[in-house]
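Some notes on the structure that comes next.
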2 protein chains.
Amino acid sequence: MTSQQDLLDMLAQVARALGNGHRLALLERLAQGGASVESLANTTDLTVGNASQHLQHLRRAGLVTAQRSGKQMIYRLTDERIVNLLGLLRQVAETNLAEMERLVSRLFAEDDADGVLEAVSRDELLAGLASGEVALLDVRPEEEYEAGHLPEAINIPLEQLGDMLGKLPRDREIVAYCRGPYCVLSHEAVQRLRQLGYRVRRFEEGYPEWKAAGLPIA
Amino acid sequence: MTSQQDLLDMLAQVARALGNGHRLALLERLAQGGASVESLANTTDLTVGNASQHLQHLRRAGLVTAQRSGKQMIYRLTDERIVNLLGLLRQVAETNLAEMERLVSRLFAEDDADGVLEAVSRDELLAGLASGEVALLDVRPEEEYEAGHLPEAINIPLEQLGDMLGKLPRDREIVAYCRGPYCVLSHEAVQRLRQLGYRVRRFEEGYPEWKAAGLPIA
DNA sequence: CCATCATTCTATCAATTAATTGAATGATAG
DNA sequence: CTATCATTCAATTAATTGATAGAATGATGG
């Protein structure tokens, strides 16, 4: 006979699949778009063998699917709602764990006496884009940009920021975004560009959250 | 230095706290309202010592708080959004794990050739209540009903269903609800009442989801 | 203060999980 | 068919987790 506890045990199995920092890193990368095991291993600093095992763990939990493409195995999120699930987990953790807040503020430690570096909210960004006052900058690697990005966004991967400044407008405020709330790429970009005199702030979310909210992508 | 991985590790710690069936059962019970360790141990079939340990695990993850009241320790959810988090986890698991669906349909196995026992959705229930065509029946234990319930709901705990039939109207359809989507109390009540000739269906959600949605409670 | 009750702490054992290594499989290009 | 590349499998080890039993703590009522 099936009992309610069996169902909860199965739910727990899915939750346990989320219960490892490396697997969360893999999911965050997968939220940018599908990728091969090797590519995933590189962006998450795992050995290929280890990444493969974690991906199979996620697959058993129904969180990702695998599809062979030639020699490579391409992994993808099974469900767009997984982004929402991770977002909600993040919110709950941030509001209820003091330790969490400490880590977040340290990760984004910034010399921001005037508060001008305050991150841009989704509503604020939408308003800025509608009025044409804001230029969007995607600082993720080209591979992730190609897999999908916010409309009208210019792609300058963080490593090439110095070489491609010509692409950036001087007459509008720039809003930089990257992989999500904990991604430091956009934060780093903002700090560097501000030193060069650009008017630039960081979007408080990233591409996956934008997409999961059903907003238009390119 | 703090890295993004530290944050993901901390998120993983919260997810791991959800990664145990007994702890999910405790959270489901806590979603009905605060309770003592002993009460929680009873409703989840755990020993008191074991329940205490799991509750402390949940506390370290920031999911519950404890407050002493006389000799007893009353535990509560720290955050209403935890109900949403569990709901989303459930949705993701149900849509992506075949095994999950199999278990759910077996738990609610019903002899329902005509489809009349189909669960009532939230919108349908709201419409029925607004028009006065529906009477609400809460079949949870009195303790949980007292801690909060849907407006106008009559409480008849499942064990006392036979004794208190007089409270039920014959002229309206009855909608029974209990703790949530996996709670079998309302399902059991519906089966029994239908045999007695009542017009009755079960609400597909439960009290915690109703409350978390911001709908009025009593 | 003492007895009682509710809960937590401590120690222990069994079970599960994560990382590592090296071998095995599957697909492709020559 | 063979060499190569990407991924998975299998075996081992260390670390973590969960259950249990019994001692310890904290609050209450006489």
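We name chains A, B, ... by the order of the sequence lines, and we start the count at 1 in each one. Keep in mind the model is a prediction, meaning the values are calculated, not measured.
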Have a look at A/Gln56 and say if it touches a base, only the backbone sugar-phosphate, or nothing, with a 4.0 Å heavy-atom cut-off. sugar-phosphate
Is B/Arg59 touching bases, backbone alone, or none of the nucleic acid, heavy atoms closer than 4.0 Å? nothing
Whole angstrom value for the distance that separates [atom2] of [N] from [atom1] of [X]:
| X | N | atom1 | atom2 | value |
| --- | --- | --- | --- | --- |
| A/Arg16 | C/dT16 | CZ | P | 10 Å |
| A/Leu46 | D/dT7 | CG | P | 13 Å |
| A/His54 | D/dT7 | NE2 | P | 16 Å |
| B/Gln67 | C/dT7 | CD | C1' | 15 Å |
| A/Asn50 | D/dT7 | CG | P | 14 Å |
| A/Gln5 | D/dG18 | CD | P | 13 Å |
| A/Asn42 | D/dC5 | CG | C1' | 14 Å |
| B/Met73 | D/dA27 | CE | C1' | 11 Å |

Does [N] have OP1 or OP2 under 4.0 Å away from a side-chain N or O of [X]?
| X | N | result |
| --- | --- | --- |
| B/Tyr75 | C/dT8 | yes |
| B/Ser52 | C/dT8 | yes |
| B/Asn20 | D/dT17 | no |
| B/Arg23 | D/dG18 | yes |

Which nucleotide wins on minimum distance to the side chain of [X], given the candidates [options]?
| X | options | result |
| --- | --- | --- |
| A/His22 | D/dA19, C/dA19, D/dT7 | C/dA19 |
| A/Glu38 | C/dT17, D/dA6, C/dA19 | D/dA6 |
| A/Lys71 | D/dA27, C/dT28, D/dT20 | C/dT28 |
| A/Arg68 | C/dA18, C/dA27, D/dT8 | C/dA27 |

State plainly whether the residues [X] and [Y] are in salt-bridge range, i.e. N to O under 4.0 Å.
| X | Y | value |
| --- | --- | --- |
| A/Arg140 | A/Glu146 | no |
| B/Lys211 | B/Glu80 | yes |
| A/Glu118 | A/Arg201 | no |

Counting distance alone, no hydrogens or angles: does the base of D/dT20 have a donor or acceptor under 3.5 Å from a partner atom on the side chain of B/Gln53? yes
Looking only at atom types and distance, does a side-chain atom of A/Tyr145 sit under 3.5 Å from a main-chain N or O of A/Ala153, one as donor and one as acceptor? yes
In terms of the nearest nucleotide of DNA chain C, which residue is placed more toward the 5' end: A/Ser69 or A/Gly19? A/Gly19
Under 3.5 Å, which donor-acceptor pairs link side chains of residues 58-68 of chain B to any protein atom two or more places apart or in another chain?
| unit_1 | atom_1 | unit_2 | atom_2 | d |
| --- | --- | --- | --- | --- |
| B/Arg68 | NH1 | B/Gly70 | O | 3.4 |
| B/Arg68 | NH1 | B/Lys71 | O | 3.4 |

